[in-house]
Protein chains: 4
Amino acid sequence: MRAKDDRPAWKKRLYDIIYEADTPLGKLFDIVLLILIVFSVVLVMLESITHIHVEYYWEFFIAEWVITIFFTIEYIARILVIKRPKSYIFSFYGIVDLLSTLPSYLGFFMGGKNLFFAIRALRLLRVFRVLKITRYVGESNKLAIALKNSKAKILVFLFAVFIICIITGTLMHLIEGKDSGFDNIPISIYWCIVTLTTVGFGDIAPITPLGRLLASLLMIVGYGIIAVPTGIVGAEYSRATDASLANNTQVCPHCNEDKHLSKAEFCHNCGNKLNE
Amino acid sequence: MRAKDDRPAWKKRLYDIIYEADTPLGKLFDIVLLILIVFSVVLVMLESITHIHVEYYWEFFIAEWVITIFFTIEYIARILVIKRPKSYIFSFYGIVDLLSTLPSYLGFFMGGKNLFFAIRALRLLRVFRVLKITRYVGESNKLAIALKNSKAKILVFLFAVFIICIITGTLMHLIEGKDSGFDNIPISIYWCIVTLTTVGFGDIAPITPLGRLLASLLMIVGYGIIAVPTGIVGAEYSRATDASLANNTQVCPHCNEDKHLSKAEFCHNCGNKLNE
Amino acid sequence: MRAKDDRPAWKKRLYDIIYEADTPLGKLFDIVLLILIVFSVVLVMLESITHIHVEYYWEFFIAEWVITIFFTIEYIARILVIKRPKSYIFSFYGIVDLLSTLPSYLGFFMGGKNLFFAIRALRLLRVFRVLKITRYVGESNKLAIALKNSKAKILVFLFAVFIICIITGTLMHLIEGKDSGFDNIPISIYWCIVTLTTVGFGDIAPITPLGRLLASLLMIVGYGIIAVPTGIVGAEYSRATDASLANNTQVCPHCNEDKHLSKAEFCHNCGNKLNE
Amino acid sequence: MRAKDDRPAWKKRLYDIIYEADTPLGKLFDIVLLILIVFSVVLVMLESITHIHVEYYWEFFIAEWVITIFFTIEYIARILVIKRPKSYIFSFYGIVDLLSTLPSYLGFFMGGKNLFFAIRALRLLRVFRVLKITRYVGESNKLAIALKNSKAKILVFLFAVFIICIITGTLMHLIEGKDSGFDNIPISIYWCIVTLTTVGFGDIAPITPLGRLLASLLMIVGYGIIAVPTGIVGAEYSRATDASLANNTQVCPHCNEDKHLSKAEFCHNCGNKLNE
């Protein structure tokens with residue numbers, strides 16, 4: 001219905017405010033939204049601390065509903081002013097926006113609040129949309145390219161790590177047994193992941209000589225193979241940086257020399273002007 | 001006997017299904033096998049959780065035997081259809097395949113099941129054969145080259161780490177003694193490995209000022225030298241990537257020499273012009 | 001008042017001794033100051049060990065006041081000999097210098113000593129001024145450039161880490177609850193940071209299967225994404241090194257443009273020949 | 001006395017056997033020595049395990065003296081056959097060799113054995129001399145260059161780490177106090193090193209909200225700055241590798257083009273022969 005090109009003028013203006021950040025009002029809207037999102041997440045955090053929650057029950061109650069109602073209005077406005085509402089509702093941010101308001105209503109009508117806690121913290125994801133417009137994300141473009149290029153290799157790496165953990169976990173369960181906390185294979189695999197990633201909680205730790213020998217091997221492997229993803233991302237990032245430096249080059253129309261400095265105005269090879 | 005070139009047609013067809021993945025049936029076989037392997041490993045994991053094992057004893061029993069019989073048939077089929085069965089039986093995957101079926105039979109006839117647990121988890125290694133055909137492994141070629149080139153340096157590095165751990169371990173045993181868990185030198189060396197690799201379980205920790213000073217030094221060394229394998233693998237990976245970039249350059253039309261510099265105009269081998 | 005150009009000769013000479021390190025007396029002053037700073041910090045450390053403090057109470061008292069009086073004289077001298085005292089008093093080092101003397105006087109008149117402990121340890125920051133003149137800091141120039149270029153990307157990275165910790169922390173609080181120490185969301189977030197950074201104290205650790213699964217994921221993420229800052233700093237450092245290599249190239253004799261490509265024959269700015 | 005050029009022939013032959021590894025006898029000597037060193041260190045380790053030491057007292061006693069006498073003979077022989085004995089006796093390896101034999105004699109005459117334990121483990125350092133001749137050390141040349149070039153920067157880095165630990169340690173002592181194990185500033189600094197290096201034993205851990213906040217910051221800093229040494233070593237290693245690749249280049253005598261492939265016989269720029 002509303003997917004027509006001829007939206008009324010107020011919708012177009014509201015669209016610019018809500019979805020864009022070029023106008024002063026649009027920027028203001030983004031800043032207010034950013035503050036509210038951060039405030040709402042801090043609220044959820046503080047609410048989880050029992051003695052604070054008990055003491056300031058009504059303050060939390062009111063603040064929660066003010067935020068919920070603002071987010072609800074914003075959600076409805078976003079649907080109203082966009083050309084194709086469906087493309088927004090079923091997009092990632094559309095679902096996040098819905099999940100930012102729904103839990104409060106559900107918690108109000110159904111009583112059980114704990115269950116909707118986690119979902120409310122998802123509000124934080126909204127921050128990314130607001131920040132999309134800042135210069136910081138532009139900075140991370142090369143990083144995104146590097147990570148995208150590394151994806152397949154890092155998946156192979158994680159798969160290898162996972163296989164190592166399953167086999168070592170099974171062996172540790174057999175060697176250590178129930179006395180030192182290696183009760184079953186899933187727990188042993190959990191311990192292997194804790195150890196291989198060099199986290200090492202210490203709630204479970206081997207006590208037999210053979211178990212400690214195997215644990216030592218696992219630790220040295222974990223310590224050594226961290227080099228693999230680091231090396232990959234570093235090299236890929238280095239390549240992405242080089243590529244973006246070399247991308248905006250021109251070819252000299254006189255001698256066909258390429259790879260000029262991006263600020264070059266004359267060809268470094270034949271001395272003629274580059275852009276005529 | 002069966003090592004003749006003139007295998008019957010059904011053997012050739014079965015060979016294509018079992019060993020290759022080009023035909024639809026071959027792909028289906030690989031997927032079914034992959035699912036069964038993962039399923040059998042998950043089974044072993046769940047079986048190790050006592051209360052689940054007790055509750056679903058018969059379900060585990062039946063599932064285990066269905067998988068064992070399928071793997072047995074597959075193992076026999078692999079021997080039957082290949083030209084040189086010995087080359088398969090004594091290969092790495094041949095032994096892994098045998099170890100995927102044998103423990104169940106041994107456990108059935110000899111009673112003691114625990115002993116064969118670890119061996120059954122080795123089934124997971126079969127996953128690698130099935131995955132060999134996927135594109136992900138192709139992606140890790142450069143990584144393999146980088147790791148191969150780094151091997152000698154990483155061995156020197158691990159040897160140095162090992163010497164540091166032995167000497168520090170001996171000193172810690174002398175400084176801390178039995179009060180804080182450094183009962184003997186092997187345990188102290190184990191603690192050094194736990195500390196140097198930044199795992200830090202905390203089941204053993206120094207309590208004397210001198211022990212803590214030495215531990216601090218060890219930690220800073222461990223924190224610093226992680227840079228060494230990381231730097232090596234990164235640089236080698238970077239080089240492997242560059243080398244593969246230089247691979248696809250022109251071939252000299254006179255002497256067929258390849259791998260020229262990208263800016264080369266004359267062949268570095270015979271001196272003739274490259275692009276005529 | 002004292003901000004005139006025509007300072008008396010003794011002020012100029014004292015200025016050279018205190019602020020510069022070119023003369024033998026200036027060097028001596030810096031070395032004496034360096035020793036006193038290190039000595040005063042060691043004093044603060046030892047004073048915090050109760051039984052040492054009790055035993056050597058008067059020795060600490062005298063040493064503390066000798067240092068305080070020396071630092072006070074130095075502080076006054078620094079104000080006297082400089083041309084614009086305000087620029088010193090309100091500079092970073094001016095405030096650090098004041099904080100190196102003030103706590104002792106405040107502690108003497110007001111009794112409570114504990115409160116001024118931390119501030120006295122700030123004396124250590126003075127070390128940086130003295131070391132500014134050594135060759136080591138010169139070595140870290142490229143490093144500083146690399147870190148400056150990486151700043152924006154590392155902020156994005158830290159922001160992403162922070163968001164991961166908040167969302168995982170909320171989930172862990174819901175999954176584990178109060179039984180295993182995840183009392184509220186801020187504590188759970190603290191645990192997430194401990195885990196993601198692979199520190200892993202073990203004072204709080206998940207005990208439910210689902211909590212351990214989520215913890216495993218978090219650890220693998222933490223283990224993997226360490227690659228990101230490492231890769232960035234490595235690549236930027238590599239680039240800073242390359243750039244400093246390219247710095248010492250020829251200057252165009254026609255337009256004085258520098259930083260040409262090393263193979264350039266013509267100036268990229270004015271198009272004239274470079275080496276005539 | 002013995003420092004004359006005209007040593008008898010048997011001394012020269014013995015010198016070749018003991019100090020060199022070119023002859024078959026020299027190689028055999030090195031291998032026997034290597035085995036004995038490793039054996040003696042394993043002996044020290046096992047001796048530290050109380051119940052093994054008690055049970056096999058005489059076996060340890062005999063083995064220890066066989067090794068000691070062999071090392072003594074070797075030490076005397078090394079002095080006898082070398083041209084300038086003083087240069088050997090006061091060299092690093094000369095002192096290590098002496099320390100490999102002396103503790104056993106001192107322990108025999110003075111009774112107290114524990115004290116000489118650590119010194120006996122220093123025997124392991126002798127391994128490096130024997131391994132000097134293997135190809136592995138040759139492999140690590142570039143690594144050594146990279147580490148040497150990184151030395152100054154890594155010292156600056158470690159100094160910064162140390163300052164961070166002192167200041168944070170003082171703050172943690174003030175914030176947490178004696179209740180959670182931060183008894184005095186040196187212990188707090190020890191805890192900071194444990195945390196910053198991501199080891200995290202957990203024997204000491206903050207319990208106050210403010211302490212945990214500061215700890216979180218310290219962990220994130222520790223997690224982030226590991227990138228610095230890693231990036232430096234990686235970049236330096238990369239440069240050392242490039243330098244060794246680019247070193248053996250030639251300049252074309254016809255067109256002065258440089259940076260040819262190391263196997264190039266003709267100039268890639270003008271097509272003329274390179275080495276005429």
Side-chain angles (χ1 to χ4, degrees), chain B residues 152-153 155-157 159 163 166-167 169-171 173-174 178 183-189 194-195 198-202 204-207 209 212-213 215-216 219-220 222-228 230-232 234-236 238-239 259-261 263-274, chain D residues 41 44-46 48-50 114-115 117-118 121-122 124-125 127-128 135-137 139-140 143 146-147 154 157-158 161 186-187 189-190 193-194 196-203 222 226 229-238 241 259-261 263-273:
Chain B
K153 282 147 220 154
L155 278 177
V156 173
F157 170 74
F159 184 71
I163 301 242
I166 288 178
I167 291 182
T170 310
L171 289 171
H173 169 64
L174 283 174
K178 307 210 171 188
D183 293 0
N184 51 52
I185 295 180
I187 282 180
S188 296
I189 292 170
V194 169
T195 304
T198 77
V199 173
F201 285 128
I204 307 166
I207 50 171
R212 284 179 165 169
L213 188 69
S216 299
M219 280 175 244
I220 286 173
Y223 185 64
I225 59 174
I226 184 73
V228 173
T230 307
I232 293 170
E236 292 291 345
S238 203
R239 221 164 20 136
K259 292 189 185 166
H260 300 275
L261 287 172
K263 64 173 175 176
E265 282 176 35
F266 294 89
C267 174
H268 60 253
N269 193 43
C270 66
N272 285 300
K273 213 156 172 31
L274 281 173
Chain D
V41 172
V44 172
M45 280 187 207
L46 292 176
S48 75
I49 305 172
T50 316
N114 258 12
L115 206 104
F117 245 18
L122 286 180
L124 199 63
L125 286 175
V127 165
F128 280 111
R135 71 190 172 88
Y136 283 120
V137 181
E139 289 279 343
S140 62
L143 189 54
L147 286 177
I154 284 180
F157 170 75
L158 287 181
V161 162
I187 283 182
I189 291 170
Y190 164 71
I193 294 172
V194 170
L196 191 86
T197 56
T198 78
V199 173
F201 284 129
D203 52 345
I226 183 73
T230 306
I232 293 170
V233 172
E236 291 291 346
Y237 177 77
S238 202
T241 309
K259 289 194 187 158
H260 299 275
L261 287 172
K263 64 173 176 176
E265 282 177 34
F266 294 88
C267 174
H268 60 252
N269 193 43
C270 65
N272 285 301
K273 210 151 173 37

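Chain A is the first sequence line, chain B the second, and so forth, proteins listed ahead of strands; every chain is numbered from 1.
Between B/I166 and D/M45 there is a side-chain heavy-atom pair separated by less than 4.5 Å.
With a 4.5 angstrom heavy-atom cutoff, D/P186 does not touch chain B via any of its atoms. Looking at D/L46, there are no atoms closer than 4.5 Å to chain B (heavy atoms on both sides), in backbone or side chain. In this structure, chain D has no heavy atom under 4.5 Å from any part of B/P209. Contacts of B/I167 with chain D are made by side-chain atoms alone, with heavy-atom separations under 4.5 Å and no backbone atom involved. For B/I204, the part lying under 4.5 angstrom from a heavy atom of chain D is the backbone only.
Here the closest heavy-atom approach between residue D/I226 and residue B/I226 is recorded as CD1-CG2, 3.3 Å. Across all non-hydrogen atoms, the minimal contact from D/D203 to B/R212 is OD2-NH2, 4.1 Å.
Using modelled atom types, one side-chain atom of B/Y223 and one backbone atom of D/G222 make a donor-acceptor pair closer than 3.5 Å.
Ranked by heavy-atom pairs under 4.5 Å with chain D, the first of B/I207, B/I220, B/I225 is B/I220. Heavy-atom pairs under 4.5 Å with chain D peak, among B/I189, B/N184, B/I187, B/V199, at B/N184.
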